[in-house]
Amino acid sequence: MTIKNVVFDFGGVLLDWNPRYLYRNYFKTEEEMEYFLSHICTESWNAEQDGGRSFDEGVRLLEAQYPSYQEAIRMYRDQWPLTLRSDIPDTVALLYRLKSAGYGIYGLTNWSAETIPVAFERYSFFQAFDGIVVSGQEKLLKPDPRIYALLLSRYGLKAEETVFLDDNLRNVEAARASGWYAIQFHNAQQAEEELRNLSVFPAPAR
């Protein structure tokens, strides 16, 4: 089948997001910051917000467990926009070139429903998308196969006509298990080379 649709993950693919941008000037040392992010405001804790839990609830739970870190915990919610540094220009340029070449452009992201509006308002390239599925709005997280099926059904797509770009290998493998083509994203040049191997040809760069 001919690939007609390209689905993008957001964080690490189109957007440079990292909680370290928020905390690097708060903690006195890198070691303190890394301890906080690996033991308190962890990836698994953040994933609960991506799955639909409110930040207020997530913060309350951590405050009860780690009262001495109350200020730092609240920062994750109250100053979240500082975790989002920029777009990733090379990938955004690739997205526009794929759009110009006639491919359907879709988004599938693990992201909190509370914070995704910040990204949508800040970056105009989201207007190029033909459809987006956000985990926090659906209360489903990648790599759950149901979220892949949801995107297909919502926008009338076929798995065998769809390729997915994600930096997380588990999410890539889940897409493949659902019948999609999928590429683990490392950078825009590598992604374009692998897309071309699948006979997906972006418009020439200007």
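Any value given below was found using the heavy atoms of this structure, including those in side chains, with hydrogens, waters and symmetry copies removed.
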Participant: Apply side-chain contact (heavy atoms from CB on, under 4.5 Å) to the pair Ser199 and Thr2, showing each step before the final yes or no.
Facilitator: CA-CA 8 Å; Ser199 297; Thr2 301; over 6 Å; no
Participant: Linking I/L/V/M/F/W/Y whenever any side-chain heavy atoms sit under 4.5 Å apart, do Ile73 and Met75 land together?
Facilitator: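 The answer is yes; both residues are in one hydrophobic cluster.
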Participant: Please collect all salt bridge (charged side-chain N to carboxylate O under 4.0 Å, His left out) contacts where either partner lies in residues 102-125, sequence neighbours excluded, each pair once.
Facilitator: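 Applying salt bridge (charged side-chain N to carboxylate O under 4.0 Å, His left out) to every pair that reaches into residues 102-125, excluding sequence neighbours, yields nothing.
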Participant: Grab the two heavy atoms, one from Leu141 and one from Ala47, that are nearest each other, plus how far apart they are.
Facilitator: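 Minimum heavy-atom separation between Leu141 and Ala47: CD1-O, 3.6 Å.
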Participant: Trp180 and Thr162: side-chain donor and acceptor closer than 3.5 Å?
Facilitator: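 Their side chains do not contain a donor-acceptor pair, so the 3.5 Å distance test is not met.
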Participant: Under the side-chain hydrogen bond (donor to acceptor under 3.5 Å, both in side chains) test, which residues partner Arg24, sequence neighbours left out?
Facilitator: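 Once residues adjacent in sequence are excluded, the partners of Arg24 under the side-chain hydrogen bond (donor to acceptor under 3.5 Å, both in side chains) criterion are Glu30.
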Participant: How close do Tyr148 and Ala175 get, heavy atom to heavy atom, and via which atoms?
Facilitator: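 In this case the closest contact between Tyr148 and Ala175 is CE2-CB, 3.6 Å.
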Participant: Not counting sequence neighbours, which residues clear ring-ring contact (aromatic ring centres under 6.0 Å, His included) with Phe27? List them please.
Facilitator: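 Applying ring-ring contact (aromatic ring centres under 6.0 Å, His included) to Phe27 gives Tyr23, Phe36.
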Participant: Spell out, yes or no, whether Leu82 and Leu15 are grouped together once hydrophobic residues are joined by side-chain heavy atoms under 4.5 Å, including indirect joins.
Facilitator: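 Per the 4.5 Å side-chain linkage, Leu82 and Leu15 are co-clustered.
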Participant: Given side chains that start at C-beta, do those of Val172 and Arg176 come closer than 4.5 Å, heavy atoms only?
Facilitator: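 They are in contact (side-chain heavy atoms under 4.5 Å apart), so the answer is yes.
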Participant: Hey, quick one: are Val133 and Val118 part of the same hydrophobic cluster, counting side-chain heavy atoms closer than 4.5 Å, chains of contacts allowed?
Facilitator: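 No; Val118 is not reachable from Val133 via cluster members.
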Participant: Restricting to non-hydrogen atoms, name the atom on Phe164 and the atom on Asp9 that form the minimum distance, rounded to 0.1 Å.
Facilitator: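 In this case the closest contact between Phe164 and Asp9 is CE1-N, 3.9 Å.
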Participant: What is the distance from atom CD of Glu192 to atom CD1 of Ile183, rounded to the nearest 0.5 Å?
Facilitator: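 Going from the CD atom of Glu192 to the CD1 atom of Ile183 covers 10.5 Å.
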Participant: Residues two or more places apart in sequence or in another chain: which of them pass ring-ring contact (aromatic ring centres under 6.0 Å, His included) with Phe126?
Facilitator: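 Listed in chain order: Phe10, Phe120, Phe129.
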Participant: Check for a donor-acceptor pair, side chain of Arg85 on one end and backbone N or O of Trp17 on the other, with a separation under 3.5 Å.
Facilitator: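 Judged by distance alone, no pair lies under 3.5 Å.
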Participant: Just to verify, what does Asp56 make a salt bridge (Lys or Arg N to Asp or Glu O under 4.0 Å) with, not counting sequence neighbours?
Facilitator: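 Salt bridge (Lys or Arg N to Asp or Glu O under 4.0 Å) list for Asp56, sorted by chain: Arg77.
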Participant: Once you round to the nearest 0.5 Å, how far does CG of Leu84 lie from CG of Leu22?
Facilitator: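 One finds 12.0 Å between CG of Leu84 and CG of Leu22.
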Participant: Show the nearest heavy-atom pair for residues Ala203 and Ala101, with the distance to one decimal.
Facilitator: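 That would be N-CB, 3.6 Å.
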Participant: Could you note down all residue pairs passing side chain to side chain donor-acceptor pair (under 3.5 Å) where residues 129-139 supplies at least one of them, sequence neighbours left out?
Facilitator: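 Qualifying pairs: Lys99-Asp130, Glu138-Arg154.
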Participant: Can you pull the salt bridge (charged side-chain N to carboxylate O under 4.0 Å, His left out) pairs that have at least one residue in residues 162-174, sequence neighbours excluded?
Facilitator: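 Pairs touching residues 162-174 that pass the test: Lys142-Asp166.
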Participant: Heavy atoms, side chains only, cut-off 4.5 Å: are Ile105 and Leu98 in contact?
Facilitator: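 Yes, their side chains come closer than 4.5 Å.
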Participant: Would Asn18 and Thr83 count as a side-chain contact (heavy atoms from CB on, under 4.5 Å) here? Give the steps.
Facilitator: CA-CA 5 Å; Asn18 195 317; Thr83 67; over 6 Å; no
Participant: Can you hop from Leu152 to Leu165 via hydrophobic side chains spaced under 4.5 Å?
Facilitator: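 The answer is no; the residues belong to distinct hydrophobic clusters.
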Participant: So which atom in Phe8 and which in Val13 form the shortest heavy-atom distance, rounded to 0.1 Å?
Facilitator: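 Looking at all heavy atoms of both residues, the shortest contact is CD2-CG1, 4.0 Å.
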Participant: Got a sec, which hydrophobics cluster with Tyr21, joining ILVMFWY side chains under 4.5 Å apart, including via others?
Facilitator: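 In the cluster with Tyr21 there is nothing else; it is isolated.
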Participant: Sorted by first residue and then second, give each ring-ring contact (aromatic ring centres under 6.0 Å, His included) pair with at least one member in residues 182-206; sequence neighbours left out.
Facilitator: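 Every pair satisfying ring-ring contact (aromatic ring centres under 6.0 Å, His included) with a residue in residues 182-206: there are none.
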Participant: Output the distance between atom OH (Tyr123) and atom OG (Ser86), rounded to the nearest 0.5 Å.
Facilitator: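 Spacing of OH (Tyr123) from OG (Ser86) equals 5.5 Å.
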Participant: Restricting to side-chain contact (heavy atoms from CB on, under 4.5 Å), what partner residues turn up for Ser124, sequence neighbours left out?
Facilitator: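 So Ser124 forms a side-chain contact (heavy atoms from CB on, under 4.5 Å) with Tyr96, Gln127.
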Participant: Could you check if a side-chain atom of Leu151 sits within less than 4.5 angstrom of a side-chain atom of Val7, using non-hydrogen atoms only?
Facilitator: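 Yes, close enough: below the 4.5 Å cut-off.
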Participant: With rounding to the nearest 0.5 Å, note down the distance linking CG in Asn5 to CG in Leu157.
Facilitator: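 So the gap between those two atoms works out to 4.5 Å.
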Participant: Would you please name every residue forming a ring-ring contact (aromatic ring centres under 6.0 Å, His included) with Tyr66, sequence neighbours left out?
Facilitator: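 With neighbours one apart ignored, the set is empty.
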Participant: Less than 3.5 Å apart, any donor N or O on the side chain of Glu161 or Tyr181 sitting next to an acceptor on the other?
Facilitator: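 No, no side-chain donor-acceptor pair sits under 3.5 Å.
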Participant: I need the Leu195 CG to Leu94 CG distance, nearest 0.5 Å.
Facilitator: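 Separation between the atoms: 6.5 Å.
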Participant: With the 4.5 Å side-chain cut-off for hydrophobic clustering, are Tyr103 and Leu95 part of the same group?
Facilitator: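 In one cluster: yes.
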Participant: For side chain to side chain donor-acceptor pair (under 3.5 Å), just list the numbers for Tyr26 and Glu71, CA-CA rounded to whole Å, side-chain angles, deciding distance to a tenth of an Å, and then say yes or no.
Facilitator: CA-CA 10 Å; Tyr26 176 80; Glu71 182 178 58; 2.8 Å; yes
Participant: Tell me whether Glu43 at atom CD has more than 12 heavy atoms from other residues, nucleotides or ligands lying less than 6.0 Å away.
Facilitator: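 For Glu43, atom CD is not crowded (no more than 12 foreign heavy atoms under 6.0 Å).
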Participant: Quick one: pull up CD1 in Ile147 and CG in Asn110 and give me the separation to the nearest 0.5 Å.
Facilitator: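 Answer rounded to 0.5 Å: 6.0 Å.
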Participant: Which atom pair, heavy atoms only, marks the closest approach of Ala182 to Val163?
Facilitator: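 Of all heavy-atom pairs spanning Ala182 and Val163, the closest is N-CG2, 4.2 Å.
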Participant: Check the angle between the aromatic planes of Tyr155 and Tyr106 and answer parallel, tilted or perpendicular using the 30° and 60° thresholds.
Facilitator: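 Geometry flag for Tyr106 against Tyr155: tilted rings.
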Participant: Pair Ile88, Leu14 - check side-chain contact (heavy atoms from CB on, under 4.5 Å), show working.
Facilitator: CA-CA 5 Å; Ile88 299 175; Leu14 286 163; 5.8 Å; no
Participant: Is a side-chain N or O of Glu32 found less than 3.5 angstrom from the main chain of Thr29, in a donor-acceptor match?
Facilitator: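 Yes; judged by distance alone, with no hydrogens or angles, the pair exists.
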Participant: Tell me which pairs pass side chain to side chain donor-acceptor pair (under 3.5 Å) where either residue lies in residues 44-54, with sequence neighbours left out.
Facilitator: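 Sorted result for residues 44-54: Thr42-Ser44, Asn46-Tyr76, Gln49-Arg53.
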Participant: Does the pair Glu63 and Arg74 meet the rule for a side-chain contact (heavy atoms from CB on, under 4.5 Å), with working shown?
Facilitator: CA-CA 8 Å; Glu63 285 179 330; Arg74 290 183 177 184; 2.3 Å; yes
